[in-house]
Amino acid sequence: MIEQRARVRTEWEPDELIDAWTLVEDDWGLMGNKSGATRLGFALLLKFYEIEGRFPAYPEEVPPAASDYVASLVKVEPSLFAKYSWRDRANKYHRAQIRQAFGTRPASEDDEERWARWPAAEVCPVETDSGRLAELPAVAAGR
């Protein structure tokens, strides 16, 4: 299956950045005793997930302005984000911790099959515009 990702906003007005990327009380509780690159990486994963409903696929997907802003909040040098590991056990644990906080879980094969059947059962019988039907994969994925 080829996975398509929506593009993350790269340009943020200062008030939008503050509104979307500021860590709130519950976020700070999740931070625990994390420090350095781990603290910054976790905070960015957390806010990215809250905003996008998914985790970034790679570090460059996190907007630089957001990285700099969140680094200032967690009192970590922004350059340390480059040292955050994307493939170790800590990263997997961080993702699980964030999913638990949001009450979500990774999609399963059953979920994918159900999402694939949804347009045929719910939309195709009532929608006749081929252009709108072609948009369904993006609509079903919440984009």
Side-chain angles (χ1 to χ4, degrees), residues 1-124 127 129-143:
M1 177 178 148
I2 296 174
E3 192 171 323
Q4 292 182 332
R5 297 197 184 274
R7 294 204 80 150
V8 179
R9 286 180 56 185
T10 56
E11 301 296 323
W12 292 80
E13 293 295 325
D15 59 330
E16 295 173 322
L17 188 70
I18 291 167
D19 190 45
W21 291 88
T22 296
L23 296 164
V24 296
E25 187 174 330
D26 291 341
D27 299 338
W28 288 108
L30 292 171
M31 296 295 290
N33 62 355
K34 296 169 181 67
S35 63
T38 301
R39 184 176 179 85
L40 178 56
F42 179 85
L44 288 167
L45 285 182
L46 176 66
K47 297 312 284 186
F48 191 100
Y49 191 84
E50 180 182 311
I51 295 163
E52 294 291 321
R54 64 179 179 85
F55 293 108
Y58 44 87
E60 296 80 15
E61 199 172 11
V62 176
S67 181
D68 291 346
Y69 175 67
V70 172
S72 73
L73 296 176
V74 300
K75 306 211 180 329
V76 171
E77 188 62 38
S79 62
L80 286 180
F81 184 48
K83 296 183 182 210
Y84 179 72
S85 176
W86 289 77
R87 302 200 190 301
D88 67 2
R89 283 188 325 197
N91 182 272
K92 289 182 174 128
Y93 174 69
H94 291 168
R95 289 170 184 249
Q97 191 178 7
I98 292 166
R99 283 187 189 106
Q100 182 178 8
F102 283 95
T104 61
R105 61 174 173 73
S108 67
E109 286 185 31
D110 288 341
D111 292 331
E112 289 185 20
E113 289 177 24
R114 189 175 71 249
W115 295 332
R117 288 191 306 268
W118 174 78
E122 300 294 325
V123 180
C124 292
E127 180 61 65
D129 182 316
S130 61
R132 289 185 43 89
L133 287 172
E135 294 174 5
L136 284 178
V139 171
R143 291 181 230 146

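Throughout, numbering of the chain's residues begins at 1 and tracks the sequence.
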Check whether more than 12 heavy atoms from other residues, nucleotides or ligands sit under 6.0 Å from atom CG of D26, and answer yes or no.
-> no

Is the number of heavy atoms from other residues, nucleotides or ligands under 6.0 Å of E16 CD greater than 12?
->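 Yes - once you tally the heavy atoms of other residues, nucleotides and ligands closer than 6.0 Å, there are more than 12.
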
Are K83 and E77 ion-paired here, with the side-chain N under 4.0 Å from a carboxylate O?
->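 Salt bridge absent between K83 and E77.
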
Separation of [Y] [atom2] from [X] [atom1] (nearest 0.5 Å):
X: D88; Y: T38; atom1: CG; atom2: OG1; result: 7.5 Å
X: L45; Y: L30; atom1: CG; atom2: CG; result: 12.0 Å
X: F102; Y: L46; atom1: CZ; atom2: CG; result: 5.5 Å

With sequence neighbours excluded, tell me which residues meet side chain to side chain donor-acceptor pair (under 3.5 Å) with R105.
->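 Side chain to side chain donor-acceptor pair (under 3.5 Å) check on R105 returns D111.
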
Pairwise side-chain contact, [X] with [Y], heavy-atom cut-off 4.5 Å (strictly under):
X: Q100; Y: R95; answer: no
X: V70; Y: T22; answer: no
X: W21; Y: P63; answer: yes
X: V62; Y: F81; answer: yes

Heavy-atom pair with the smallest gap, counting every atom of [X] and [Y]:
X: W86; Y: P59; result: NE1-CG, 3.2 Å
X: A66; Y: L44; result: O-CD2, 3.9 Å
X: P78; Y: S67; result: O-OG, 4.5 Å
X: V74; Y: A43; result: CG1-CB, 4.0 Å
X: K34; Y: Q97; result: NZ-OE1, 3.3 Å

Please walk me through it: do N91 and R87 pass side chain to side chain donor-acceptor pair (under 3.5 Å)?
-> CA-CA 6 Å; N91 182 272; R87 302 200 190 301; over 6 Å; no

Of all residues at least two apart in sequence or in a different chain, which pass the salt bridge (charged side-chain N to carboxylate O under 4.0 Å, His left out) check with K47?
->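 Applying salt bridge (charged side-chain N to carboxylate O under 4.0 Å, His left out) to K47 gives D27, E50.
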
Applying side-chain contact (heavy atoms from CB on, under 4.5 Å), run through F55 and R99 and close with a yes or a no.
-> CA-CA 10 Å; F55 293 108; R99 283 187 189 106; 3.6 Å; yes

Give every residue pair that meets the ring pair (Phe, Tyr, Trp, His ring centres under 6.0 Å) criterion with at least one member in residues 26-48, sequence neighbours excluded.
-> F42-H94

